[in-house]
Amino acid sequence: LSTATNKENLIEDAVTSVMDRDVMAYFDETLKKSWRGREHWKIRNFKNRLGANTGDEAGKKDTDTTEQEKEAVKAKKAAKNKLTIDFFNFDHTVEERIFEKKKASIEMSQKSRTTPGHYLLPNDYHFSTQKITRLFLKPSQQMSFFSHRKPPSSHQSVSGTL
Amino acid sequence: MSENVSIDSDNSDSTNSKIFRAIADVFQNAQSTYAGHRRHIAVLKRIQSKATETGYEEVFNYWFNKMVTLILPLKRTEIVGDRIVRLVAGLVASLDHEVESLKEKQEDFDGKEKIFSRFVNQFIRHILRGVESREKNVRYRVAQLLAVIMDNIGEIDEDLYKLIMWSFEKRLFDKEAPVRVQAIFCLTKFQDEDNTSETIDEASTKLIHAIQNDPSAEVRRAAMLNLVSLDKTRNIIMERARDVNTVNRRIVYTRVLKNMGASVFQELDGDLIGKLITWGLEDREESVRNACVRLVAFEWLNLMDGDIIRLLSKLNVTSNNVCEKVLDAIFNYREDTVAKIKLPVNVWDSLTAEISFLIKAFHTHCTQNKLEDILDGNFPEASRLSEILQKYLDLRFSNNNLSNTDVSCLEFIIEQLLSVAFKYDYSDEVGRRAMLMIIRNALANYSLTAPIVRIALQVLKVLSINERDFIAMTVEIITDIRDEDIEKQEAEEANQDSRFKQDEDEDDEAAVQSFHSAVDDLVNNKNTTAPSAAPAVQEKEVSPHTLLGCLTMSQFMLELINLPIDENVMISSLIDTLITPAVRNTQSEVRELGVRNLGLCSLLDVNIATESLYLFGMCVSKGDASLKTIALKVIADIFSVHGTKVVDGEGKVDSISLHKIFYKTLKNCELPECQATVAEGLCKLFLGDVFVDDDLFETLVLSYFSPANSQNEALVQAFAFCLPVYCFSHIRHQKRMVRVAGDVLLRLSVLWDELQTNDDSSISPDSMLKPNVIFQELIEWTDSGKVVNQTEEHFEDEEDTQLHFLLGVLRIYYKFERKEVKKMILTNINRFSFQDRSIRKWKEVRDILEDISENDDIDSASRSSIAKFLRSLEEDILSGDADVDTTKDGTSDMGERLSASSSEERMSEDEKPEVTLAVSNEENSNVPIAGIDKPSGSSDALSSVLLPPEPDRMLPGDVSRLRSKKRKRADISGSESNSDQEKSSRLVSFVLPEPQRGPSSDSSFGNPVDDSSFEDENDN
DNA sequence: ATCATCTAGCTACACATC
DNA sequence: GATGTGTAGCTAGATGAT
């Protein structure tokens, strides 16, 4: 390899590494909550949607909404506080209903009473872009995947150490 | 009893009525605020007292019960209810307190005590009437009342205890979580707090069950916070640091551990503390991490009066690798403390494990944050550091009378000093040379532990002039060690009289012998030059211990270098004299190191890689789990570094054989670590575009969803991370996912269907994700809007977009036979994005959906989902658009792709929409498809998935997933159907673990060039 | 100055409703 | 079982008490 090519590669690698860093950070961030995969990705999706919807609006509406909210909260609290029980006049038959038992089961299903997993998280293997861009044998050596794209044939993915 | 008391509301003067109104008045006032409760309680006590004196005790009880009953139906969030409950609690507490103090004074005790007892007794029995009420609020309030009574009462009589126990045993399994929480609170009081016996009391046993098995996080929390802390229960409480619920995890740090104060260090063993802190600091949730940081860097450090050394010694710094993180936390959050760190000059003369560790961490921290002043002020010149290092090396190796703890402590100190040396400032040449001397000496002359060798070599590299210099020095050291060992052996042999090591020598004999023959083989095979050492020495070989040492050192060296080997003769000689013989060694530890070393060399040189690939393949094929794992890592790394040029060529390993090894390893559930390694490795290679094979990729996706692998956390997590990264990192990647997604969905849906109906299977039905979840995940992965770094390529190429996936699924809609699955598909179509502008395809989608809506028997949810989808489709895509097909749109039917032998092959152009419609109509009539599509209905296809794929049974049912167009194609070109079948059987065998079927199992690959090329060698 | 207490605002989870 | 609302348990900043 000529020195010129080396130089070019160096520059390219520098640019690449910056792009890679951003992309890697993006993936680490977006995937950190769904590390258990499966089932659990749903929550993230749900959150993403919420974030996307609220992103556009800001500014004036802010004060309006807070005022409205405050009013609403106050009204609700007031409504709640209003509820009082009349301990002098009450329906004497209510006691019957209160203590009435149910025909249907009021208990958990037998199946849900014991759980083998004990509601513990599994081991977290902490997969990250850092981890998967490292060589197995030389963990200090990073590969660059994300922006350093050449046709597969001329592939030389290892670039630099780190 | 109460029923006898009548209420005569007309006679307002009656005592009865007076009592009623007095009590009601208290309740009326007490419900609105907590203020005045003390007074209200005093009033109640007075009423009770007077009523009792005048023979109206039961009247009082009657009305009191009545009042409380009124709040039982109030829902949990109703503050009025809570106030009355508090009132009752206050009354009970006050009465109890009164009785207790009377008891002490010995006056009028009996009477009061009995009255109180009667009151409590009847009251509890009264409200327990509601313990199984149909109203959940009533059950909740009853449990709540019981809990607060238990909180405020000293003791209860045996009968009542039994009654409550009996009632609340059942409430622990109440349908409503809040009721269970209150039940926990109630039982809390029945625990034996100073239980020293072997057995655990009844109440605690129930709490333990709840803490581990209750589905509600809040119930587990209540149990965790209330279970008594005993030797037997402590681990059960602490394991909640890994509870699925974030709050529970956090509370372990903010309450449980915090409240233990300094006693954590006595009551919990070091390992557990280490785990707890590691979990906390590495938790995915920031709030948990923060809680843990606060605990360690504030609570615990403050308990030690800010003395980091004391904290480190409490944490057993030498055996606990959490300490690094702990100090990181302290350095980052306790700048006040960090500022106080001053290293006196004489500290270096009396290092302890803790001090040396702090020095290392402090140095790292200062270096990372470029705190030059602090570095200058606290750390000596390099030459002085080298003297210090030498001093501790001398202490360790010039003294034969060291205890084990002394040895490990000194080694720990040396390791820390070397870590400091690694990042040290060597601008002073004298210092550099001094350090270099010491490191070389140490590596050559002392028997260092592996971690020390590793860090010492890192220092050596920093000190060396360049990489070549570093390699030369290291190889020289390795050679010297070998030679010296051999000389020593010869010397020992010369001394024939000393026979006390006879046994060991005999043991070594065999190994030495086989090692010899292996080296001979190698020399003969490869024609390499003999080691430069004198030929006479070859008769003797190094002892296993020394050999391991050399290999370890060689490994650590190779991990640090990047120069191509052809510029490094010394490494070539290392390969010949050390590494290759080690690979052939019979001792597994040596062989593994040898393979690892050879792998590292392969990364430096493409020729070595190419030549060695066969050997690595053999190791995967024939080795035990740990050798397999190493070899898999090597192979993955080789591909990562050199790409595919190491395979498929003159004298090179066949890539098909390697792929087979990957398939085989991936499906072998007996060796989960290997599965996980190969999964991660393949993901890396796909990410690096080294591998671009659709079939192999599909296998990866299937492995991710396979119920057989659902317990393999490492594998699942690798895929859970890598697959989305792959799909979103490049549009080409995503298109690959698009191409396999339809088939993946179909296969997994069929499998799920089978698992639901066949419950005799060893795999439980819920170990597999439901198809709708799989579908949703696939939709997400194929959403082009989520791809990063989007370029124009995006818009130029309309092939293999998410729409293609949708269309593919809809075209095979009737393959999803179970109604449930159909519904899952239809109710999720609205998750697809409308980014694609291929009008023609959208129209086909519309036509199929309209057909399904009209003709298939689907429920209202599905129907409305279709309607909604069609509406959006009209609005977003088809509105105002004429019949112009804006795309080039070379049809790429999923099924056709599957029947194609190459994944990259593009599809034929002869596809017509009406074919699909005809298919749909055919299916509408619910007539099973005749002919080769479905020879014996669905069950055959299903059984082919669950049964071991027999070599001679080509899974006819599986062909059925090719619909009419595929049928056409299969008829035309029969040769291709064969490859499809072959692929089918291969892929299917991945989905479930393969029953042990002996060596013939490989034949299921059905490929002419099977991987028997990796089977022979070792068997001779 | 240091420590409680209060307040608003946040998020994940739980509940209710259809 | 998807949806919107409600709640628990923080978290941080302000305020007041000692």
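Both backbone and side-chain heavy atoms feed into the values below; hydrogens, waters and symmetry mates do not. Within every chain, numbering begins at 1; the chains are lettered A, B, ... in the order of the sequence lines, protein sequences first and strands thereafter.
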Using the test side chain to side chain contact (heavy atoms under 4.5 Å, CB included), find all partners of Y333(B) that sit at least two apart in sequence or belong to another chain.
N290(B), V293(B), F298(B)
Applying side chain to side chain contact (heavy atoms under 4.5 Å, CB included), name anything that partners K325(B), two or more places apart in sequence or on another chain.
L281(B), E282(B)
Once salt bridge (Lys or Arg N to Asp or Glu O under 4.0 Å) is applied, do any residues pair with [X], and if so which ones, sequence neighbours excluded?
| X | value |
| --- | --- |
| E299(B) | K258(B) |
| K175(B) | none |
| E29(A) | K32(A) |
| R113(A) | E107(A) |

Considering only heavy atoms, which members of residues 282-297 of chain B lie under 4.0 Å from some atom of DNA chain D?
S287(B), R294(B)
Without decimals, in angstroms, what is the distance between [X] [atom1] and [N] [atom2]?
| X | N | atom1 | atom2 | result |
| --- | --- | --- | --- | --- |
| I829(B) | dA2(D) | CD1 | P | 15 Å |
| M824(B) | dA2(D) | CE | C1' | 15 Å |
| Y140(B) | dC15(C) | OH | P | 11 Å |
| R831(B) | dT3(D) | CZ | P | 8 Å |
| Y119(A) | dA14(C) | OH | P | 11 Å |
| N248(B) | dC13(C) | CG | P | 10 Å |
| N772(B) | dG1(D) | CG | P | 9 Å |
| F298(B) | dT11(D) | CZ | P | 13 Å |

Protein-nucleotides 1-3 of chain C N/O pairs closer than 3.5 Å?
none

Looking only at heavy atoms, the pair that brings R234(B) and S229(B) closest together is NE-OG, 3.1 Å
For the pair F775(B) and F805(B), name the ring-plane relationship: parallel under 30°, tilted 30 to 60°, perpendicular over 60°.
perpendicular
When the ring planes of Y125(A) and F127(A) are compared, do they come out parallel, tilted or perpendicular, using 30° and 60° as the limits?
tilted
Rounded to 10°, the helix from dA1(C)-dT18(D) to dC18(C)-dG1(D) deviates from straight, judged by its five-pair end axes, by 30°
Does any N or O in the side chain of R249(B) come within less than 3.5 Å of the main-chain N or O of R240(B), such that one atom is a donor and the other an acceptor?
no
Main-chain N/O of T115(A) paired to N213(B) side chain as donor or acceptor, under 3.5 Å:
yes
Indicate whether OP1 or OP2 belonging to dC10(D) is found under 4.0 Å from a side-chain N or O atom of R255(B).
yes
Determine: side-chain N/O of R250(B) to OP1/OP2 of dG9(D), distance under 4.0 Å, yes or no.
no
Could D857(B) and K819(B) be called an ion pair, given the rule that one side-chain N must be under 4.0 Å from one carboxylate O?
yes
Measure from NZ or CZ of R180(B) to the centre of the six-membered ring of F173(B), then state whether that distance is under 6.0 Å and the direction lies within 45° of the axis.
no
Sub-4.0 Å heavy-atom contacts from residues 212-227 of chain B onto DNA chain C, ordered by number
A217(B), E218(B)
Between Y119(A) and N248(B): side-chain donor-acceptor atoms closer than 3.5 Å
no
Hey, would you say the F869(B) and F834(B) ring centroids sit under 6.0 Å apart?
yes
Residue pairs involving residues 135-148 of chain B (criterion side chain to side chain donor-acceptor pair (under 3.5 Å); sequence neighbours excluded)
D82(B)-R141(B), D82(B)-Q144(B), R139(B)-D174(B), R141(B)-Q144(B)
Nearest of dA12(C), dC15(C), dC10(D) to any side-chain atom of K33(A)?
dA12(C)
N/O to N/O distances under 3.5 Å, protein versus nucleotides 16-18 of chain C:
residue : atom : partner : partner atom : Å
dA16(C) : OP1  : K136(B) : NZ           : 3.1
dA16(C) : OP2  : K136(B) : NZ           : 2.9

